[in-house]
Structures are given as C-alpha cells and as structure tokens.
Amino acid sequence: MELSELLQLGDDVWSEPLDESTQRTRAVDINSRVNIFLVSAATHAIVLRNRDFDNSRGPLFRRILLDLLRQLRDQMEEVFQALEIAFDQRVGCVQVALRPHDWADSWLGDLPPIESVSTLS
C-alpha cells in the first residue's frame, strides 16, 4: 500500500507504516521456519489498539498465545478482507506482535519493546 501515514480502518483498528526501529525489533531469527524475506518485506502493520490482556492466571505471553490469538486472528482476517476489497490486491499477515503501552518486560538496546507472539508459516 502506498500509505505513508496512519489510516484509521475502524474503531481502534489502524494501518501504520513500519518505521526502521520497529522493523529491526520484529526481525526473526535466520533459522526461523518463516521466510525472513517475507517478514522483512512488510511495510505496514495492522494495529488493534486499546486491547487489555488478563495475565492473572499465568505469563502474559502464554495467555495471549493460547487464549486470545484466535480472537485476534479473526479480527485481523476481517481487516485483511476489507483491505483486499478496497485496494484490489492481496494482503496478509506473517507475524503477530504485542506492542505494550507504558510498560515492557524487557528492552533490547534502544529498540521499541515489541514482543513477537506468533509467526505464521
């Protein structure tokens, strides 16, 4: 998509261009089963904002992976279908990541605190 700025797609659903520091943070290991060139070719992220995750029953990563990933994938699939209709081209997802707001489990240098939750092969 030739969009260089934020685009609101719906209630708390946005398309955001990926900046260089976010691209570096979301890079996958070279030995990953996912094609690293496909991951790095992404130009935009579909961002679902204002989502809360209950981690009272265990580590947040596990809770998202096991309990919430299906719900998030369903929401993202709806967004991709709408974008395909609007732009008349195929779009899709290869990586699901968590971008914490005002907190982080850890940092890597000066990169944003993004947690890769899942990569799709």
Side-chain angles (χ1 to χ4, degrees):
M1 296 185 304
E2 297 293 329
L3 301 172
S4 59
E5 55 191 42
L6 299 175
L7 174 64
Q8 186 169 8
L9 302 171
D11 292 337
D12 290 329
V13 180
W14 294 78
S15 172
E16 295 182 7
L18 294 170
D19 61 23
E20 185 179 335
S21 62
T22 301
Q23 285 285 37
R24 288 186 309 211
T25 303
R26 55 181 286 282
V28 295
D29 186 278
I30 197 163
N31 296 318
S32 172
R33 65 185 170 130
V34 176
N35 184 318
I36 60 173
F37 299 107
L38 182 60
V39 173
S40 64
T43 60
H44 290 73
I46 300 301
V47 178
L48 307 177
R49 294 184 178 176
N50 299 317
R51 301 303 196 265
D52 294 323
F53 302 103
D54 175 16
N55 67 341
S56 61
R57 294 188 344 213
L60 180 60
F61 178 83
R62 190 173 128 231
R63 300 273 302 137
I64 292 171
L65 190 60
L66 298 177
D67 298 345
L68 300 170
L69 194 54
R70 175 170 293 281
Q71 174 191 347
L72 296 176
R73 278 192 186 156
D74 290 347
Q75 291 174 353
M76 288 185 297
E77 189 60 37
E78 289 178 10
V79 171
F80 294 137
Q81 289 175 0
L83 288 173
E84 286 180 7
I85 292 168
F87 289 97
D88 195 28
Q89 64 182 8
R90 297 262 309 140
V91 295
C93 175
V94 72
Q95 184 181 47
V96 177
L98 173 68
R99 182 174 64 187
H101 180 68
D102 290 337
W103 67 272
D105 285 337
S106 62
W107 286 267
L108 181 61
D110 64 346
L111 298 176
I114 294 175
E115 300 284 335
S116 181
V117 174
S118 175
T119 50
L120 315 171
S121 54

Q) Listed by chain and number, what are the side chain to side chain donor-acceptor pair (under 3.5 Å) partners of R49, not counting sequence neighbours? A) E16
(Q) I need the minimum non-hydrogen distance between L18 and A45, along with the two atoms involved. (A) CD2-CB, 3.7 Å
Q | Joint cluster assignment, F87 & I85, ILVMFWY side-chain distance < 4.5 Å | A | no
Q.
Are L6 and L48 connected into the same hydrophobic cluster when the rule is that any two of I, L, V, M, F, W, Y join if their side-chain heavy atoms are below 4.5 Å apart?
A. no
**Q.** Under 3.5 Å donor-acceptor, S40 side chain and I36 backbone
**A.** yes
Q) In terms of heavy-atom contacts, does CG of D88 have more than 12 from other residues, nucleotides or ligands at under 6.0 Å? A) no
Q: Give the minimum heavy-atom separation between L9 and W14, together with the two atoms involved.
A: CD1-C, 4.1 Å
Q. How long is the span from the CD atom in E5 to the OG atom in S15, to the nearest 0.5 Å?
A. 10.5 Å
Q) Nearest 0.5 Å, what's the CG-CD distance between L83 and E78? A) 12.0 Å
(Q) Atom CD of residue position E20 - does it have more than 12 heavy atoms of other residues, nucleotides or ligands inside 6.0 Å? (A) no
Q) V13 and F80: same hydrophobic cluster, using ILVMFWY side-chain contacts below 4.5 Å? A) yes
Q. Counting only heavy atoms not in R99, do more than 12 sit closer than 6.0 Å to its CZ atom?
A. no
Q) Just how far is it from atom CD1 of I114 to atom CD of Q23, taken to the nearest 0.5 Å? A) 9.5 Å
